[in-house]
Amino acid sequence: MAFQQLYYTSCEHGLSGYSGFQFNAVSPRVSSAVMREVEDRTVYEPPARLVAGTRPGQKGAYPVAFSYGTSDATDAVIMSQVVFAGTDYSGRPGNYFAHALVTAAPAQDFGSLLPVELWRAELWRERPAGRTELPELTGPLPRGLVDRAATQAFLREQDAADVLPQLVTAVSKAMAGDRPVLLASRDIGEGIWWIAAVSYLLGEQLARRMTFTTYTHRPAHTRYHLTGVLPAALPPDAGTNFQLFDLTTGRTPGGRVHPLAAILSDTGIAAAAELWRQAAVFGPGTEAPFDDWLGPVSAAAGLLGRPLSAGETDEVARWLLAAAGSMPPPVAETALGIPLGQPDGALSDRRLAELHALARSLPAPGLTARLGLALAERSLTRLAAGQWASPVPLAGEAAEQARARALRIIGAATPATALAVLEWAAGSGLSLPEPELEEYGRTGLDPRAQAPELAGLLRQSAAVRRGLAERLASEPPAVAETFFSAPAGLFLERDDLAGQPALTELWLVQAAARGSADPLRAFDEICDIRALAGCSPLVDGELLARLWPHGCPPGQLAELVQAVTGPPAADVLTWFTAQIETVVTHGALGGGLPLLARALDGHLLLPLLPEADQRAIQEGTRTDELLVKARSAVRSGDASVFAGLFGAYAAADDDGRRNLRRELLPLLATADPLGPALRDCPAEVAAAFGRELANWLSPMRADTALARRVFTALGYPDVAGRPALAEPLRASLEQVRKWHRRDLGKLARVLTDDGLGRPFRAWRGEQQAGLGRRLFGADRRRE
Amino acid sequence: MWFVFLVIAVLYVMYLAIAIPAAAAVACAACALWIPVTYLRVLGRVLVTRPAWLPDWKRPPRAPGDSDPAVLHYLYGPALADADLTVRVAYDDGAGFLRRSAARNIVRSFESDVPWFTAPLGVGGAVGAAAGTAAGAAVAAGCALIHLLVVGLLAGLAWAAGTVLRGIDSAVLRIRHIKMFCPVCFEPVPYPGYVCPGDDRHPHHDVRPGRLGIVGRRCQCGEPMKTLLLFGSARMSAFCPHCDHLLEHRPGEAPEIVLPFFGAVGAGKTRLLFSIVTQLQAWDAAGQLTTEFADSVTKRELAVAEGILSSGETTWATPPELPRAHVIRLSSGRGTRILHMFDAAGERFVNPGRAEELRYLGTSRTFVLVIDPLSVRSGAVPPDRAYHRAHQTIQAMGVDLKTARLAVVFSRADMISAPDGDVAEWAVNELGLANLVRSVRIQFSEKSVFMCAAAVMEGTGMHPSVAALLRWMLAGEGVTLPAGPS
């Protein structure tokens, strides 16, 4: 391929056949569409001040319009240089000469040259040709006046630090479809250096996509991304329809500088080429837009030794996560090393974890280890500072180093930190050596200080528990007791106390005290421990008092009595006597007392008890037997047993009566017939029975059978004749009046069957007499 | 005993007969009044006081995505949203009232200490509340309907007012023969867009009455804007809705006249244009009319006209780009006119396809063909070639040539001996342009041939032929030009 050439000027003889502005000469096979576009793009008009005041002869004063663009019709690249040509063939001023180069293969034809480097190159012609056909121009093209060194020198003389990143940003936006950039300067020759600076910073690929012109007299019609213009030619809407950089006033569009523009400007013209070369290795392809280069260029900058900011490092990481899959593994591994080479803290934990996952998937073992270790270091630092950290999957050398660091932290850690480290290690798949953990439990924990996290720590690690048990064994028993009674003590298990008999005994006592162990079982185990250890005595009063600090229930006491096989020690006897007295005093008819009495029957302890207790035990046994018999008799309708019970009631003391009354009332309620059962009933029992009946006969229960028995009993002469018996029953029957009509009907039918229909209706008649009161709400108020 | 019961029963039935209807009537009246009153109270809050606790609109009205950056007119969306909000808040308040007062009192009537007395009141209240709620809801719905009808009516009136105003505005423009035109893209401008006076980053492509305002609109930055030329929108910065270029000549204030100059390369079109501008400036200087360059580009490009003509310098070649109009505001006793004068390079009328790009030719009624008599026999582009190309283009663009006017101007009158008689005859006989003259006579209903000298005469100003040409060009355009030579 080669460049097609076109000359355009006002001449007498050209391709049109008439004089005037026309193509003076062109290369073969230039299409008419391209010719029309070249004609439009190369229109030139000098600045107004030069039209008015300068003689056409002073050609040097006229700006050169050096343009680089892409054909709308053919996508061909069109480069042109337009110079003022003074007068035309007829002597008329205002002529210009345009020399255009057109190529459909710019990458090939430009070679290593950037378009801007053809500024004022020797190839440009400024005079018409003598013939109408021009040869095609083959490369390599000669370089013009622009090169990196000259551009760098120009920038050094300018205050470019602020403008250049903004200009690159604006051009990148224009290339992405935003408003074109206008670059206004007093000297158009100055504009080419800014264009060159942007071109060099954009790199070869993007620079070839950036279109520009150094001068236009009518910026409102510009077709280029970057257009040079004189301030006097700025349109009134330059600030709104364009991104205006007026170098004469310092006006810029403002806004945020693109991070890539910042990196490029920071890198500088000279180093930009190497930066882009490196970025191209990571590159997303030649057609990628400006934004897509941020990651690769940042990575390249990092690789070339430029310290990356936290934002840039994160951008590299973000890009890598998306692009690493399409890179050759060695390249991806190299790129992955770049963010790791930045100062620690540049990446968030989350990003570091994502990179870690990427490294594992590549796979890149070295980087995986580095990333894992970095993550672990960061996590452990956080844990040491009392913060939360997420686990990290670790293996190999990284795991070893992390384990060592974790142990160092645990060595001086509070329970909270130690717990966090243990949980983190478990989540990370790190197994921490048990001896060190036991050592921590032994020396790092203070059993006196009940830290809230201690329980969790003990639950987490058996080794720590074992260590702590050893520590407790060396402490005074009070410390261990306090510890066992605290919440953390719950997590010390029996197995953790192996080889610590004294501690185990304390543990069992506490377990029994808090209800997690049966005191009898604890007692047995303690006896076994003492027997194994050869301790004597096996049982003492203190042990019993601690195992049953609130008293021993009669059932357990009955069992415990069996354990006393020889003459008890004084303290043991005292304890048993107190417990038996309690049982006797508070009584437990139908339950513990008979059981205890049976256990003591013929036992060596019985004669050792006070006489009153012995008698009470015997009396309790008799009454219990009567109650058992009465329950059986009531079921079979025999009411005669109550006489014996009422006799026992009369003979009992106050406590005995209270206990017996508790048993008697339910028995009476089930007695059928009730009337005979109540014969000889003590008044106290009858009154208590009446109160209970009031509850049992409530409308909620509507116990028809009970009501029938009570109503029938009221007709029994022995009851009706004793007001002490009858009144409580009648009072309780008042509840029946409140029954629902349906329940009352049911009761009436039952009583009618018993032949008591009439008395019942009479009794109900008393109820109707009170209707007036109910109607006016008197009853409700009473309630 | 039964008699007592009977009396009590009769009395109780009488009580029921009175208490239930009375309770029903009271409850019915309370509910029937409370619900509409609640609606009206809420309506007042929504429309007038707007307390801060009022909930937001459920569906905030939004202008279409491609709409101008302005706030919606109240009647085109926010009013309906307010109606919806009123109904929702009134419903909540009404339901709350029924729950808190009516329902609770009814329930209490059955739970009191004297239920035989209060329960009938509760029953009556329940029946009355139900009926009253239905009636009140119906009345409230009627109020809401009236509200919606008023909103709809007002929206309809607003729409009608907007349509009428647009019609009046268009009629005024038509009566004043104002047709707007973009000097850059040559498109007719049905109505200019306007840039917000408060923030030039907010362009409004169509400010005319509509959803965003009837008499005025409010830009999203808060700046008020006018909606019609009638109301003074021309005082804002206008732009072309087709190409977004600023229209600095304040379109819509005065009729616009498009004057295309055409002819072969080097015919003297630019010089003639300069001489016309110079003549207008001379009249302006003499106080006979007012001439001003209507935009910054015209000012920059024509500022040198008089200097070039006075110095006798040659005018510069016109580059063969699409021309931009030179816009001049011309005010005389009879009114103001805006002249769009187009000076296209001669090459445009030679090269195929280039004349068709001059779309402004289709909007003009008066054309100026410039011929350099000295070049006719010189081998340059023959003038009739440019004429025919322009004629074909004008015709193709739909211009009715029966109403079009053509001035054929022979330049360089100061360099050749002017003919004594008819210039057209001279052109036919002396220049051999019989074919061109014949074509002009056939194709244009009104035409005139001039000899013009685009030169400043020492002591007398512009050559008088320029004034004569101007008078002919602007005849019938509503501009009174000075009668005699300046």
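Below, chains carry the letters A, B, ... as their sequence lines are ordered, and counting in each starts from 1.
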Engineer: Top residue by heavy-atom pair count (under 4.5 Å) with chain A, among Arg385(B), Glu301(B), Arg354(B)?
Structural biologist: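 The answer is Arg354(B).
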
Engineer: Against chain B, work out which of Ser32(A), Gly17(A), Ala232(A) has the most heavy-atom pairs shorter than 4.5 Å and name it.
Structural biologist: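 Looking at each option in turn, the highest pair count goes to Ala232(A).
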
Engineer: What are the residues of residues 319-327 of chain B, in order of number, with any heavy atom under 4.5 angstrom from a heavy atom of chain A?
Structural biologist: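 Interface residues of residues 319-327 of chain B: Pro319(B), Pro320(B), Glu321(B), Leu322(B), Pro323(B), Arg324(B).
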
Engineer: According to salt bridge (Lys or Arg N to Asp or Glu O under 4.0 Å), who are the partners of Arg235(B), at least two apart in sequence or on a separate chain?
Structural biologist: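 Partners of Arg235(B) by the salt bridge (Lys or Arg N to Asp or Glu O under 4.0 Å) criterion come out as none, since no residue qualifies.
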
Engineer: Relative to chain B, which segment of Tyr96(A) carries a heavy atom at a distance below 4.5 Å: side chain, backbone, both, or neither?
Structural biologist: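 Answer is side chain: those atoms of Tyr96(A) sit under 4.5 Å from chain B.
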
Engineer: Given the side-chain rings of Phe97(A) and Tyr8(A), with only the six-membered ring counted for Trp, is the space between their centroids under 6.0 Å?
Structural biologist: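 Here the rings of Tyr8(A) and Phe97(A) have centres that are no less than 6.0 Å from each other.
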
Engineer: For Pro46(A), is it the side chain, the backbone, both, or neither that has a heavy atom closer than 4.5 Å to a heavy atom of chain B?
Structural biologist: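 Only the side chain of Pro46(A) comes within 4.5 Å of chain B.
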
Engineer: Does a side-chain heavy-atom distance below 4.5 Å link Glu253(B) with Arg329(B)?
Structural biologist: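 Side chain of Glu253(B) against side chain of Arg329(B), heavy atoms only: contact under 4.5 Å found.
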
Engineer: With the side chain counted from C-beta on, respond yes when Phe181(B) and Val189(B) share a heavy-atom pair under 4.5 Å apart, and no when they do not.
Structural biologist: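 Sidechains of Val189(B) and Phe181(B): no contact.
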
Engineer: Is it true that a side-chain atom of Arg348(B) and a backbone atom of Ala355(B) form a donor plus acceptor pair closer than 3.5 Å?
Structural biologist: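 Side chain of Arg348(B) to backbone of Ala355(B), a donor-acceptor pair under 3.5 Å: no, none is there.
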
Engineer: Measure distances from Val350(B) to the heavy atoms of chain A and classify the residue's part below 4.5 Å as side chain, backbone, both or neither.
Structural biologist: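 Only the side chain of Val350(B) comes within 4.5 Å of chain A.
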
Engineer: Is the side chain of Thr240(A) donor-acceptor paired with the backbone N or O of Asp237(A) at a distance under 3.5 Å, no angle test?
Structural biologist: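 Confirmed, Thr240(A) side chain pairs with Asp237(A) backbone.
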
Engineer: Could you go step by step and tell me if Phe186(B) and Phe342(B) meet the ring pair (Phe, Tyr, Trp, His ring centres under 6.0 Å) rule?
Structural biologist: CA-CA 10 Å; Phe186(B) 319 139; Phe342(B) 285 97; 5.4 Å; yes

Engineer: Picking from Val265(B), Asp200(B), Leu246(B), which has the most non-hydrogen pairs under 4.5 angstrom with chain A?
Structural biologist: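 With the most close heavy-atom pairs to chain A, the winner is Leu246(B).
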
Engineer: Looking only at atom types and distance, does a side-chain atom of Tyr18(A) sit under 3.5 Å from a main-chain N or O of Pro382(B), one as donor and one as acceptor?
Structural biologist: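 Not at all, since once roles are kept as given, no pair shorter than 3.5 Å links the two residues.
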
Engineer: Would Glu248(B) and Lys299(B) count as a salt bridge (charged side-chain N to carboxylate O under 4.0 Å, His left out) here? Give the steps.
Structural biologist: CA-CA 11 Å; Glu248(B) 296 175 75; Lys299(B) 199 172 187 175; over 6 Å; no

Engineer: Measuring heavy-atom distances to chain A, does Thr315(B) have an atom under 4.5 Å in its side chain, in its backbone, in both, or in neither?
Structural biologist: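 For Thr315(B), heavy atoms of backbone and side chain both lie under 4.5 Å from chain A.
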
Engineer: Quick check: does any side chain N or O of Glu39(A) sit under 3.5 Å from a backbone N or O of Gln22(A), one acting as donor and the other as acceptor?
Structural biologist: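 Answer holds: no.
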
Engineer: For Thr314(B), is it the side chain, the backbone, both, or neither that has a heavy atom closer than 4.5 Å to a heavy atom of chain A?
Structural biologist: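 Both backbone and side chain of Thr314(B) come within 4.5 Å of chain A.
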
Engineer: Sort Arg218(A) into side chain, backbone, both or neither according to what part of it lies under 4.5 angstrom from a heavy atom of chain B.
Structural biologist: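 For Arg218(A), the contact with chain B is made by the side chain alone.
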
Engineer: With chain A as the partner, which of Ala303(B), Pro203(B), Gly353(B) has the greatest number of non-hydrogen pairs under 4.5 Å?
Structural biologist: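 Among Ala303(B), Pro203(B), Gly353(B), the one with the most close pairs to chain A is Gly353(B).
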
Engineer: Just by modelled atom types, is the Ala234(B) backbone N or O under 3.5 Å from a matching donor or acceptor in the Arg250(B) side chain?
Structural biologist: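 Looks like no, no N/O pair under 3.5 Å.
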
Engineer: So which of Pro236(A), Pro235(A), Gly239(A), Gly20(A) has the biggest tally of heavy-atom pairs under 4.5 Å with chain B?
Structural biologist: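 Heavy-atom pair counts peak at Pro236(A).
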
